[in-house]
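This report refers to the structure that appears directly beneath it.
Naming convention: chains lettered A, B, ... in sequence-line order (proteins, then strands); numbering from 1 in each chain.
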There are 2 protein chains.
Amino acid sequence: MEKQTITIYDVAREAGVSMATVSRVVNGNPNVKPETRKKVDDVIAKLDYHPNAVARGLASKRSTTIGVILPDVTNAFFASLARGIDDVAAMYKYNIIMENSDESIDRKLEVLENLLAKQVDGVIYMGNSIDDRLRDAFKNTKTPIVFAGSVDDKKAMPSVSIDYKEAVKNSISKLIETGNKKVAFVSGSIEEPVNGKYRLAGYKAALKDNKIKFDESLVFETARSYDAGIKIASEIASSKATAAYVSDDGIAAGVLNGLTDLGVKIPEDFEIISSNNTDITKMVRPQLSSVVQPMYDIGAVAMRLLTKLMNGEDVDERNIALPFEMVFRQSTKD
Amino acid sequence: MEKQTITIYDVAREAGVSMATVSRVVNGNPNVKPETRKKVDDVIAKLDYHPNAVARGLASKRSTTIGVILPDVTNAFFASLARGIDDVAAMYKYNIIMENSDESIDRKLEVLENLLAKQVDGVIYMGNSIDDRLRDAFKNTKTPIVFAGSVDDKKAMPSVSIDYKEAVKNSISKLIETGNKKVAFVSGSIEEPVNGKYRLAGYKAALKDNKIKFDESLVFETARSYDAGIKIASEIASSKATAAYVSDDGIAAGVLNGLTDLGVKIPEDFEIISSNNTDITKMVRPQLSSVVQPMYDIGAVAMRLLTKLMNGEDVDERNIALPFEMVFRQSTKD
DNA sequence: CATTACCATGAATACGTTATCAAATTTAGA
DNA sequence: TCTAAATTTGATAACGTATTCATGGTAATG
């Protein structure tokens, strides 16, 4: 019962045609007489032949594989994006090589190199952080790359996301409208352009519109996790802020529960608006009001954009901003 | 600025050696004089040469890629496993091709075929469901496969998980001890051996130990999602059960909140024990008591086991059961 | 110093496809 | 029926690397 890998040669011999012909029927090339196609198909079925994708990749220079770089699948936001990506990738017969990069830039570079060595046809980057080395690496490859759920602050790379500045501006404005004078901004690493540039800009813009002076001490930077949210809750409590925008649902849940445990009443004493509208926002009590990012769609559209780029089609809009919404639940006053 | 892919030939010529030698230094083959190694390394750096993993895969018949089949990354349980897998995979220089299979067996078969065509060196299966066609497919390939966080009820495949039967038995026993006469069993698809065979067996065993008759109407089968949990809460409420074991944290959160919304007091009127101890169990109020599965470790150990299998090492134990614990929070009486 | 063993290298081939180009066959047109 | 134009097919050369296997050189042995 030796496992004998059977190749295109075997089916060619068995079907009495050349391997070129077999290759043609396997690839659906129309230039092959229906009857020989049938003959070959029969042999393929009989021998249970499966084309070797690696050899195919070497010969055709296309791997039908795309690389996905994300900080951490364990985060619901990234997982949802990944799901959207995978679904449309499957639709186009692409496979996904997924790599968790965490926050380290070095790791991201290593991961990217890996993916390129594997000859991926394209890559989707949701790493958030970016620096010049990485930007160079992106620029130096002819492999198409698109950012998903994150933006290159220099707009050099194709991307799909929402208008983060506007989303935060809306959130903050809403909080100010309901009477809050001191609104906190709590986010993941400020190093990430999404946070440090776009979201923060939205925060400042809203303050400015409402003639409130920006107060550095109301900006809270933290790790992207529930526990980190819990931890930072006390700092927030003692800051005299009466409301907060939070850039991640996990963090927001932590802040919410942390505050509640400190005796702060939500939303009476403190209002919260979160960012991703994952299930977390509905599981928690009181339920979190949130920006609604179409996460699955961001992933799906990013993947679709990537297919176009890989096909060399030219796209009119390289930086796509999908519409976002707001949903108000129990963590804000009406 | 034509992007010229540079090959092993280029560095061979530039370094004045043969490509075989270059191949040797790239692969760390000891049989090469230190000085020529240095020379080659320098040229590699100078030309910024990167080996083509596809060609390498074809020549060596190893892709340094492993396939991961999971129902849905979006579920925190699977995401955690995947993270464990990816981390140790990275440690061993493997990459992960991830495929979401949902619940469909056909899709799983398709996905498996895909992965094998890509010449993955091994696959990790967390699909839960399995039938004869799939079992055959697994058997007919020489590619090592290990189950993670799920078990083949015929024990034919290597696996790493916890003792699901025992975990549920413990949970149910605890609930009975605190005075519950009617304890519900709510799980995802009963078709899945994890649920329909192991967990349910644990449930029945606990009942039997306590001389309680098994009551079919206390078994609730549902989709694996928060919303599904919410939906089934009312059915559970009207079943007269006063406690439940729930096989998934998302479902459990739904049941908890659904019940609470119906005016049921947790844990006074109704106790709940969940299964995975993801962050969800801590986010929710009251916090959920839960079985503690070492999810990350299950993934990590599964991947480690796979590396051994891929190396042809023989392993003493092909079906590994990692220890589990219980954590009691606010959804159970003490 | 002659012989053996070993070490470092290179030449050539295999890996399983796709792609190119020319040859062979069929079909259409006159 | 003959010729030109399609249509199908096959031989062969990539694709970029790992892996024999043979060879020349070097060190160890007697």
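Relative to the side chain of Arg24(B), the nucleotides dG10(C), dT8(D), dC15(D) differ in distance, and dG10(C) lies closest. The listed nucleotides are dG10(C), dA11(D), dG16(D); the one nearest the side chain of Ala55(B) is dG16(D).
One interatomic measurement links the two molecules: CG of Asp10(B) to P of dG16(D), which rounds to 9 Å at whole-angstrom precision. Summarising the geometry, the separation between CD on Gln119(A) and C1' on dT17(C) is reported as 15 Å, rounded to the nearest angstrom. Between the CG atom of Asn31(A) and the P atom of dT20(C) there is a distance of 13 Å, rounded to whole Å. Note: CD1 (Ile8(B)) to P (dC15(D)) measures 15 Å, nearest angstrom. Across the protein-nucleic acid pair, Asn52(B) atom CG and dC15(C) atom P stand 19 Å apart, rounded to whole Å. The distance between atom CG of Asn27(B) and atom C1' of dT19(D), rounded to the nearest whole Å, is 10 Å. Atom CE in Met19(B) sits about 7 Å away from atom C1' in dG16(D), given to the nearest Å. What separates NZ of Lys33(B) from C1' of dC7(C) is a distance of 10 Å, to the nearest Å.
Taking side-chain N and O atoms only, Lys61(A) has a distance below 4.0 Å to OP1 or OP2 of dG16(D). Phosphate contact (OP1/OP2 of dA14(D), side-chain N/O of Tyr9(B), threshold under 4.0 Å): absent. Between Ser60(A) and the phosphate of dT18(C), there is no side-chain N or O to OP1/OP2 separation shorter than 4.0 Å. Contact check, Thr7(B) against dC15(D): no side-chain N or O comes under 4.0 Å of OP1 or OP2. Contact between the side-chain N/O atoms of Arg56(A) and the OP1/OP2 oxygens of dG16(C) is not found at any separation under 4.0 Å. Contact annotation: Thr21(B) side-chain N/O to dG10(C) OP1/OP2 distance is under 4.0 Å.
Put simply, the side chain of Ser80(A) does not reach to within 4.5 Å of the side chain of Arg83(A), judged on heavy atoms. With a 4.5 Å cut-off on side-chain heavy atoms, Lys308(A) and Leu306(A) do not count as touching. Here the side chains of Arg224(A) and Phe78(A) are in contact, with some heavy-atom distance below 4.5 Å.
In this structure, Val17(A) reaches the sugar-phosphate backbone alone: every heavy-atom distance under 4.0 Å involves primed, P, OP1 or OP2 atoms, never a base. Contacts of Ser23(B) with the nucleic acid, taken as non-hydrogen atoms under 4.0 Å apart, include base atoms. At a threshold of 4.0 angstrom between heavy atoms, the contacts of Val26(B) with the nucleic acid are absent.
Comparing Thr36(B) and Val54(A) against DNA chain C, the residue whose closest nucleotide sits nearer the 5' end is Thr36(B). Both Pro30(B) and Leu58(B) lie near DNA chain C, and the one whose nearest nucleotide falls closer to the 5' end is Pro30(B).
Side chains of Arg56(B) and Asn27(B): a donor-acceptor N/O pair is present below 3.5 angstrom, by distance only.
Here the two rings, on Phe147(A) and Phe138(A), have centers that are under 6.0 Å apart.
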| message | Apply side chain to side chain donor-acceptor pair (under 3.5 Å) to residues Thr64(B) and Lys93(B) and explain how you reach the verdict. | response | CA-CA 7 Å; Thr64(B) 63; Lys93(B) 305 295 179 198; over 6 Å; no
